[in-house]
Amino acid sequence: MLRHLAARGYQLIGPTVRDGAIVHAPIDGIEDLPAGWGDVQSAGSYRLRRRGDGALFGHAVGPESARRFLTPPTRTLWSAIRTPDGFEVEVEVAAQQQPPVALIGLRPCDLAAIAVQDRTLAGPRPDPAYVEARRRSFVVAVSCSDPASTCFCTSTGTGPTVVGGHDLALAELLHPRHRFLVDVGTDAGADVLEAIPHSSPSSEDLEAVAAAGDAAVAAIRRRLDPRARELTAAMEHPRWDDVAARCLSCGSCTLVCPTCFCTSVVDTTDLAGARAARVQRWESCFALDHSFVHGGSVRVDVRSRYRQWLTHKLATWWEQFGISGCVGCGRCIAWCPAGIDLTAEVAAIVQDHQQEVDA
């Protein structure tokens with residue numbers, strides 16, 4: 001499959017071991033996949049582990065998601081050069097300059113995150129570069145078999161089994177032999193599968209896939225309180241001060257989040273004034289300048305910035321886009337250096353608020 005996609009001109013983006021983590025990055029083929037590697041994750045902690053088998057996708061989500069490859073961290077919007085008669089502007093169309101990508105091994109929560117990004121970046125006011133990158137992408141998803149302790153996709157209805165948003169979806173089975181069951185999601189996926197040797201699954205194969213899905217659901221213990229949308233009714237809860245005392249305002253959660261979409265622009269010129277460029281880059285609502293308006297920032301303390309992030313992600317996102325901004329991937333929990341768990345923060349706030357309402 002990988003060879004066939006590469007032959008069709010796709011750049012392969014898949015999970016691979018790098019710098020002590022399993023990240024999504026350009027790969028050449030199956031030899032680059034993390035065979036036999038898994039991971040152990042908890043609040044503020046991530047480490048690799050050897051599985052003792054040859055599973056290619058026996059890990060949970062890492063710090064990378066499809067977001068980086070559909071909306072890159074930095075992108076030149078336009079550049080200009082001085083000429084004798086003034087200046088010439090060249091508008092960049094980055095997505096058209098890059099090869100189409102085949103995103104290999106995306107998890108169900110990642111597919112849900114792409115759907116969220118589609119609402120924001122391909123909606124009424126579309127980002128042309130994002131729309132083009134999506135049009136040229138091919139998605140090979142893989143159902144989760146070994147979720148991390150930080151996962152809570154069962155609370156958000158986004159996993160652990162692939163149910164949509166894919167061209168091809170795989171379920172990896174290891175016993176009695178290593179094999180994959182594939183589900184076709186689009187005509188493009190059917191076209192690729194047609195060129196690959198395959199056979200019909202047996203009833204035992206289907207039962208094994210169902211059992212693996214049930215086991216993955218049972219393994220997910222972390223829960224997001226379903227009353228999370230009520231956070232905006234508790235804006236003055238003392239828990240906001242408590243979490244602010246622990247939060248470093250580093251923005252790591254927004255960097256690993258697969259649904260965050262905020263950006264800023266920076267204009268630059270060279271010293272001679274001969275060239276200029278406008279660059280778009282990822283921005284975080286934890287940055288002081290993110291809320292800067294004339295006269296200064298409107299969120300001057302960590303409390304207000306964390307509250308903005310959490311209430312927007314879980315509550316007001318519904319009002320804006322008719323969907324949650326959280327897909328339950330747990331990345332923000334594992335990669336927070338302070339080990340802050342948003343599910344714990346939500347539970348503490350909404351439970352106290354409910355008790356006040358009941359009283």
Side-chain angles (χ1 to χ4, degrees), residues 1-15 23-29 61 64-79 90-142 158-159 162-170 182-196 257-263 265 278-283 317 320-323 325 327 329:
M1 181 187 69
L2 298 182
R3 287 195 298 267
H4 185 72
L5 288 170
R8 290 190 170 207
Y10 287 102
Q11 180 185 27
L12 303 179
I13 304 294
V23 302
H24 268 78
I27 60 174
D28 293 323
V61 294
E64 302 285 0
S65 67
R67 173 189 173 197
R68 175 177 293 274
F69 304 100
L70 299 176
T71 57
T74 60
R75 175 163 62 98
T76 300
L77 301 178
W78 55 260
S79 57
E90 179 180 355
V91 177
E92 304 287 344
V93 187
Q96 295 178 354
Q97 298 171 350
Q98 301 296 324
V101 295
L103 300 168
I104 312 298
L106 295 188
R107 301 304 189 175
C109 57
D110 289 325
L111 302 187
I114 292 176
V116 172
Q117 292 277 20
D118 286 347
R119 292 286 187 95
T120 56
L121 300 178
R125 296 177 177 82
D127 178 338
Y130 176 83
V131 172
E132 179 66 11
R134 282 285 284 123
R135 185 185 69 82
R136 290 156 55 88
S137 63
F138 187 93
V139 174
V140 180
V142 179
T158 54
V162 177
V163 295
H166 57 279
D167 293 295
L168 294 175
L170 306 178
V182 61
D183 176 74
V184 177
T186 64
D187 291 341
D191 186 49
V192 169
L193 183 62
E194 186 64 28
I196 302 170
C257 179
T259 67
C260 281
F261 60 88
C262 289
T263 58
V265 293
R278 171 164 290 181
V279 178
Q280 181 187 69
R281 66 185 186 187
W282 286 0
E283 184 59 283
W317 206 299
Q320 285 185 282
F321 308 112
I323 196 172
V327 295
C329 67

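These figures come from a predicted structure and were not determined experimentally.
Although no hydrogens or angles enter the test, the distance criterion places a donor-acceptor pair under 3.5 Å between the side chain of Gln117 and the main chain of Cys260. In terms of modelled atom types and a separation under 3.5 Å, the side chain of Asp167 and the main chain of Val140 share no donor-acceptor contact. At distances below 3.5 Å, not a single donor-acceptor pair connects side-chain atoms of His166 with backbone N or O atoms of Thr186. Between the side chain of Arg3 and the backbone N or O of Gly29 there is no donor-acceptor pair closer than 3.5 Å.
A donor atom on one side chain and an acceptor atom on the other are not found under 3.5 Å apart for Asp110 and Ser65.
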Chi angles and distances behind the side-chain contact (heavy atoms from CB on, under 4.5 Å) call for Gln11, Phe69:
CA-CA 11 Å; Gln11 180 185 27; Phe69 304 100; over 6 Å; no
After noting the C-alpha distance and the side-chain angles of Asp183 and Val162, does the key distance pass the side-chain contact (heavy atoms from CB on, under 4.5 Å) rule?
CA-CA 9 Å; Asp183 176 74; Val162 177; over 6 Å; no
Passes side-chain contact (heavy atoms from CB on, under 4.5 Å), Gln320 versus Thr120? Steps please.
CA-CA 9 Å; Gln320 285 185 282; Thr120 56; over 6 Å; no
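Residues Val327 and Ala113 share a closest heavy-atom pair of CG1-N, 3.7 Å. Across Gly9 and Pro99, no two heavy atoms sit closer than the pair O-CB, 4.1 Å. Closest approach of Ala66 and Ile114 over heavy atoms only: CB-CD1, 3.8 Å. Contact between Val142 and Gly105 at its shortest, heavy atoms only, is CG2-CA, 3.8 Å. Of all non-hydrogen atoms in Leu168 and Gly189, the two that sit nearest each other are CD2-O, 3.4 Å. Nearest heavy atom pair, residue Arg136 against residue Pro100, reads O-CB, 2.9 Å.
Of the inter-residue distances, the one linking Ile13 atom CD1 with Ile27 atom CD1 reads 8.0 Å to the nearest 0.5 angstrom. The distance from atom CZ of Arg281 to atom CD of Glu283, rounded to the nearest 0.5 Å, is 6.5 Å. Atom NE2 of residue His24 and atom CG of residue Leu106 lie 5.0 Å apart, to the nearest 0.5 angstrom. The distance from the OH atom of Tyr130 to the CZ atom of Phe261 is 11.5 Å, given to the nearest 0.5 Å. Atom-to-atom distance recorded for Asp127:CG and Thr263:OG1 is 8.0 Å, nearest 0.5 angstrom. Rounding to the nearest 0.5 angstrom, the gap separating the CG atom in Leu103 from the CZ atom in Arg68 is 13.0 Å.
Inter-residue side-chain proximity for Leu77 and Val265 is flagged as met; some heavy-atom pair is nearer than 4.5 Å. Contact annotation: the side chain of Asp191 never approaches that of Asp187 to less than 4.5 Å [non-hydrogen atoms, C-beta and beyond]. Side chains of Ser137 and Val101 form a contact here, defined as non-hydrogen atoms less than 4.5 Å apart. No side-chain heavy atom of Leu70 sits under 4.5 Å from any side-chain heavy atom of Leu121.
The salt bridge (charged side-chain N to carboxylate O under 4.0 Å, His left out) search around Arg119 returns none, not counting sequence neighbours. The ring-ring contact (aromatic ring centres under 6.0 Å, His included) search around Tyr10 returns Phe138, not counting sequence neighbours. Scanning for salt bridge (charged side-chain N to carboxylate O under 4.0 Å, His left out) contacts around Asp28 gives an empty result, with sequence neighbours left out.
Atom CZ of Arg8 has more than 12 heavy atoms from other residues, nucleotides or ligands within 6.0 Å.
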